[in-house]
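Just so you know, these numbers use all the heavy atoms, side chains as well, and skip hydrogens, waters and symmetry mates. Each chain gets a letter, A, B and so on, in the order its sequence line appears, and its residues count up from 1.
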Amino acid sequence: MLASQFVNRGRNRWEYPREGRMQVPVRLYLPDHWLETVDDESIQQLLDAAELAGTTEVFGLPDIHSGYGLPIGGVLATEAPLGVISAGAVGMDINCGVRLLRSNMVVSELNKESLRTILGTIEQRIPAGIGKDTIHKELQGKIAKNVVEQGVQALSELDMLWDFDLPRIEDQGCFPGGSLDAVSKKAKERFNQLGTIGGGNHFIELQEVVEVHDTKAADVFGLFLGQLVVMLHSGSRGFGQQVCTDYSRLMLEAQKKYGLEIGNKGLAAVPLFSEEGQRYWQAMAAAANYAYANRQVMTYDIRTSIEQVMGKSAKELGLSLVFDVAHNLARMEEHEGKELIVHRKGSIRALPPEHQSNPDIYRKTGHPVFVPGSMGTSSYVLTGLPSNKETLHSINHGAGRIMSRTQARKGISSKQLKDSMKGIVSSKHALKSLDEAPAAYKDIDAVIETLVEIGFTRHVAKLRPIGVIKG
DNA sequence: ATGTAC
């Protein structure tokens with residue numbers, strides 16, 4: 001058990017001392033009783049990452065579980081100009097992320113029938129599940145170049161974007177440097193999924209604000225007790241997956257000439273400031289913009305669906321964006337005078353109040369971040385705090401698996417899943433996703449508490465699911 | 001995560 005090699009470094013903090021070719025120690029942020037539940041594979045992935053050239057930080061957050069190359073719930077930082085970028089450490093689903101839409105509606109004043117109709121209407125417009133293409137034929141062909149270069153702005157000519165949305169998206173919905181030239185033909189052929197939710201843990205949920213812990217911040221975010229909100233979790237679909245696959249393979253070859261071979265293929269990496277590194281960055285940015293645009297198109301479809309059912313305009317209904325946060329992305333960031341390449345995989349950047357990189361509208365509070373639990377359990381709205389500097393302003397992105405998908409399909413019964421979804425309007429797909437059952441995940445309340453306890457994040461509001469669409 | 005496979 002590799003977990004037993006960790007030394008306690010204070011509350012919820014663990015460290016695996018540097019050894020062999022490791023450049024730095026590896027850290028874990030977990031309560032005592034969860035340390036032994038971390039599988040060797042996840043830990044080995046962190047130890048491997050510590051061997052990469054230029055690595056300055058490697059750590060796992062409370063939702064850590066093994067992934068491709070780097071674990072999900074993992075952060076890897078390397079120092080420029082010599083540090084590396086790894087496609088696998090960003091993840092297959094580039095710029096997978098979560099956005100939250102608010103409303104002026106109060107859940108207790110809505111009847112169950114309209115909630116059902118809203119969900120049904122959204123389901124008709126937004127294809128769910130693996131391999132599904134968009135219903136928006138206008139989003140193919142020429143517009144692809146604009147989408148990967150400009151992100152959500154490319155959608156304004158189609159009236160799918162409100163001016164009000166822009167400051168409410170990380171990077172204002174445009175990760176600079178995206179280029180279609182850096183993307184393979186195969187990836188371009190998979191462009192036609194803009195406006196689709198995908199599979200796995202992706203979802204659209206109608207939720208109710210059931211607790212407000214920070215009324216000041218909630219007010220700035222436009223949230224109040226009893227309110228109906230819509231949460232959306234999706235990424236760059238087949239397009240991003242193809243970019244990751246292409247570049248991971250390319251990096252595996254190219255790393256040899258830079259003398260960067262390590263055992264873990266999923267962590268194949270090249271110097272960021274090499275020809276290959278720069279090309280990946282352009283492709284990653286293209287996929288990041290695709291993902292922002294994907295969530296924007298779905299926002300348009302959600303607004304249209306709710307308008308249709310409620311008989312009022314989306315603006316009258318107050319269906320504005322709270323924020324949109326990425327949780328699979330690499331960024332160039334300055335930390336204590338160093339230029340770092342920060343890979344966050346299943347991890348969110350949560351900037352503290354007053355941090356300069358916050359959007360102006362959220363400068364005083366720190367921008368909101370969203371941490372969904374598993375299907376059928378609560379989600380959280382949080383903000384960063386100054387002491388999360390230690391994690392380069394990163395927090396976990398979800399609850400984290402305790403059972404693999406295969407284990408869950410074998411060990412969880414259909415009845416058990418249905419019982420855990422009692423009282424929640426659920427799509428057919430949702431009730432079939434045994435591998436997404438709450439029992440396959442850690443308890444989200446306890447996961448959130450891990451970082452709240454050590455002052456890395458602040459609790460703003462808690463959201464309860466009332467309707468779920470899954471892929 | 002993913003037209004779940006070199």
Not counting sequence neighbours, which residues clear ring pair (Phe, Tyr, Trp, His ring centres under 6.0 Å) with [X]? List them please.
X: A:His397; result: A:His327
X: A:Tyr16; result: A:Phe6
X: A:Phe203; result: A:His233
X: A:His429; result: none

Whole Å only: how far is the [atom1] atom of [X] from the [atom2] atom of [N]?
X: A:Phe191; N: B:dT2; atom1: CZ; atom2: P; value: 16 Å
X: A:Arg405; N: B:dT4; atom1: CZ; atom2: P; value: 15 Å
X: A:Glu436; N: B:dT4; atom1: CD; atom2: P; value: 18 Å
X: A:Asp246; N: B:dC6; atom1: CG; atom2: P; value: 13 Å
X: A:Leu250; N: B:dC6; atom1: CG; atom2: C1'; value: 17 Å
X: A:Asn328; N: B:dT2; atom1: CG; atom2: C1'; value: 13 Å
X: A:Leu252; N: B:dC6; atom1: CG; atom2: C1'; value: 13 Å
X: A:Lys265; N: B:dC6; atom1: NZ; atom2: C1'; value: 11 Å

Under the side-chain hydrogen bond (donor to acceptor under 3.5 Å, both in side chains) test, residues paired with A:Ser357 that sit two or more places apart: none
Classify A:Gly67 by what it touches in the nucleic acid, base, sugar-phosphate, or nothing, heavy-atom distance under 4.0 Å. nothing
Interface residues of residues 230-245 of chain A with DNA chain B (non-hydrogen, below 4.0 angstrom): A:Arg237, A:Gly238, A:Gln241, A:Gln242
Do A:Tyr362 and A:Phe323 make the cut of ring centroids closer than 6.0 angstrom? yes
